[in-house]
There are 2 protein chains.
Amino acid sequence: MTSDMIWAPLFQRLKTTTGADDRDLEALAALPFTLRTFRENQAVLRDGEQPSECCLIADGFCFRSKTIVDGRRQILSIHIPGDLPNLQNLHFPTVDHDLIALSDCTLAFIAHKALNDLISQRSGVGDMFWRDTLVDAAVSREWIVNVGQRSTHNRLAHLIVELRERLRLIGRVIDNTFEIPLTQEQFGEAMGVTSVHTNRILRELRIDGVLELQRGTVRILNEHKLQELAQFDGRYLQMSPSS
Amino acid sequence: MTSDMIWAPLFQRLKTTTGADDRDLEALAALPFTLRTFRENQAVLRDGEQPSECCLIADGFCFRSKTIVDGRRQILSIHIPGDLPNLQNLHFPTVDHDLIALSDCTLAFIAHKALNDLISQRSGVGDMFWRDTLVDAAVSREWIVNVGQRSTHNRLAHLIVELRERLRLIGRVIDNTFEIPLTQEQFGEAMGVTSVHTNRILRELRIDGVLELQRGTVRILNEHKLQELAQFDGRYLQMSPSS
DNA sequence: CGTTGGGTTGATCGGTATCAAATAGCGTGG
DNA sequence: CCACGCTATTTGATACCGATCAACCCAACG
């Protein structure tokens, strides 16, 4: 894996969502990092840890989650290549949730010190990161709406469309088909329903010809029906510079 | 309302959660602002607007919300004096949700230009604001857990405790009693349940001697039972410097 | 092969929405 | 001061969504 491949998805995203300055990106790409690989289901960060580095997803997928006392688990966000899932630890030492590898994945770890030095030299880098955390927050708010108000069919459709839009930005959607290695149980944990119920919703969507999900591959069969269910307004993803 | 009263709750929060530098706070307090008052239920910002100012809640309460196509509304966050509910517009021009006055309230509007100038002069101010948005994001994640996984009793208890902790920080809790002018319907919209169901949960909590809610006044009757229900872990609020 | 983890289906139960109606509290104007 | 109207709260009856429990299927893999 070349350094180029590691930075490309992040740069793609930063350029599209925030109109990044090329010099800032060059400076970023010059930062030293350490690659580490994780296996499916392995914890990258655990609730309570105090990491001294931020990580960039170079390849594979991760998710944030919180587990409550009775053992129920909520997935808080899904992270794809190019995401920086723990930028918040630049400011707050302790992570307040788990970060877990959804698939085997490769993460680039960048020392807080190196990042902070760069940010103090180039304020544009800090601004980009701040914007990144703002989009992250906007996604979380949309997820509150998803689990709080939408019917489970709409909920699943919305989640699928969000993932597709984000994956499309990094070139991971081909023929309305994309890989997202979530099990039905994990889809359920992201939506606040059980895996059994997720299974039934998926069956209905399949029967209605909306979409198919097979071993982590989502295939959209009827874009119109999907949109109707998802009622997706992607502005919160900030996918055009200065939107 | 003196300038002191307007800034005090924000400074209280910034000092407690992020260990703010006094010079940064002085510089902040020197910023020009315009006071505007809003009536209960009046929109401060509407989805799609492009404000040129950020607002600070000087007095009263607001909430963020999103309304989906079928008319259902989700409350995304509740804002109390000292909160900066639209800092995100410093970076992204368009608001992607509504900001509505929960009670009659007074807001101080500070021009983006003035804020950006100050941030570029004093990077510590930018850092404080970034941290503020990070806490905001952490609260949103906790709300995802709340609506996604907790039983409605636990959900209400958790929401109550979160509000109490935040209000306590700005000196608004006396004898385990505090004002938060949410109707039962609005509690429901924050939790993803109907007002009828909220009413029934409240009745049970009242009968069990946990808490009382009357016209916007919450009185905690049994702290132990409340804690047991809420299972509240307040780390996400970052209420001690360098936690 | 046997084992295992995910997926699928069925039966039943409980929690919440929904619909409806009565009650209580509050602000306004007569 | 009272009458009125509006809104919030409260309660009841019923329907339905989704959880739970249980079983079985299936493909991947050691």
Side-chain angles (χ1 to χ4, degrees), chain A residues 39-42 61 63 68 70-75 100-104 146-157 159 179-207 211-219 229, chain B residues 39-42 61 63 68 70-75 100-104 146-157 179-208 211-219 229:
Chain A
R39 280 197 253 148
E40 180 182 332
N41 234 17
Q42 191 182 348
F61 301 86
F63 63 90
I68 61 177
D70 65 2
R72 299 170 66 91
R73 184 168 76 164
Q74 175 69 40
I75 291 182
I100 298 178
L102 188 53
S103 61
D104 290 351
N146 220 31
V147 290
Q149 298 299 339
R150 282 194 257 266
S151 76
T152 41
H153 292 77
N154 299 357
R155 210 179 289 188
L156 181 53
L159 177 56
E179 309 274 324
I180 186 76
L182 287 159
T183 64
Q184 294 186 356
E185 168 127 49
Q186 289 162 339
F187 267 110
E189 288 174 326
M191 297 191 293
V193 300
T194 60
S195 61
V196 172
H197 195 58
T198 303
N199 180 276
R200 293 182 166 130
I201 303 164
L202 280 167
R203 174 165 48 120
E204 290 178 35
L205 293 183
R206 193 184 328 121
I207 290 171
L211 60 82
E212 273 179 348
L213 168 66
Q214 273 172 37
R215 270 173 290 112
T217 300
V218 175
R219 177 193 303 268
L229 286 171
Chain B
R39 278 195 255 148
E40 180 181 332
N41 235 16
Q42 190 182 349
F61 300 86
F63 63 90
I68 61 178
D70 66 1
R72 298 170 66 92
R73 183 169 77 165
Q74 176 69 42
I75 291 181
I100 298 177
L102 188 52
S103 62
D104 291 350
N146 220 30
V147 290
Q149 298 298 340
R150 283 194 256 266
S151 77
T152 42
H153 291 77
N154 299 358
R155 210 179 290 186
L156 181 53
E179 308 276 323
I180 186 76
L182 287 158
T183 64
Q184 294 186 357
E185 168 127 49
Q186 289 161 339
F187 267 110
E189 288 173 327
M191 297 191 294
V193 300
T194 61
S195 60
V196 172
H197 194 58
T198 303
N199 179 274
R200 293 182 166 129
I201 301 164
L202 279 168
R203 174 167 48 123
E204 290 177 36
L205 293 184
R206 195 185 326 121
I207 289 171
D208 291 347
L211 60 83
E212 274 179 346
L213 168 66
Q214 273 173 37
R215 269 174 292 115
T217 300
V218 175
R219 176 193 305 267
L229 286 171

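Note that the structure is a prediction, hence the values are computed from the model and not measured. Below, read A as the first sequence line, B as the second, and so on, with proteins coming before strands; counting in each chain starts at 1.
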Side chains of T217(A) and E179(A): any donor to acceptor distance under 3.5 Å?
yes
Atom pair CD (Q186(B)) and CG (N41(B)), whose distance is rounded to the nearest 0.5 Å:
7.0 Å
Contacts of type side-chain contact (heavy atoms from CB on, under 4.5 Å), residue R39(B), not counting sequence neighbours
Q42(B), D104(B)
Would you please name every residue forming a side-chain contact (heavy atoms from CB on, under 4.5 Å) with V196(A), sequence neighbours left out?
T194(A), R200(A)
Using 0.5 Å steps for rounding, measure from the CG atom of N154(B) to the CE atom of M191(B).
11.0 Å
Reading nucleotides 5-22 of chain C from the 5' end, what letters show protein touch, with B for base, S for backbone sugar-phosphate only, - for no heavy atom under 4.0 Å?
-SSBBBB----SSBB---
Overall bend - the helix from dC1(C)-dG30(D) to dG30(C)-dC1(D), comparing terminal axes fitted on five pairs, nearest 10 degrees:
40°
Qualifying residues under side-chain contact (heavy atoms from CB on, under 4.5 Å), relative to T152(A), sequence neighbours excluded:
R155(A), V193(A), H197(A), I201(A)
Set of residues satisfying side-chain contact (heavy atoms from CB on, under 4.5 Å) with respect to E204(B), sequence neighbours excluded
H153(B)
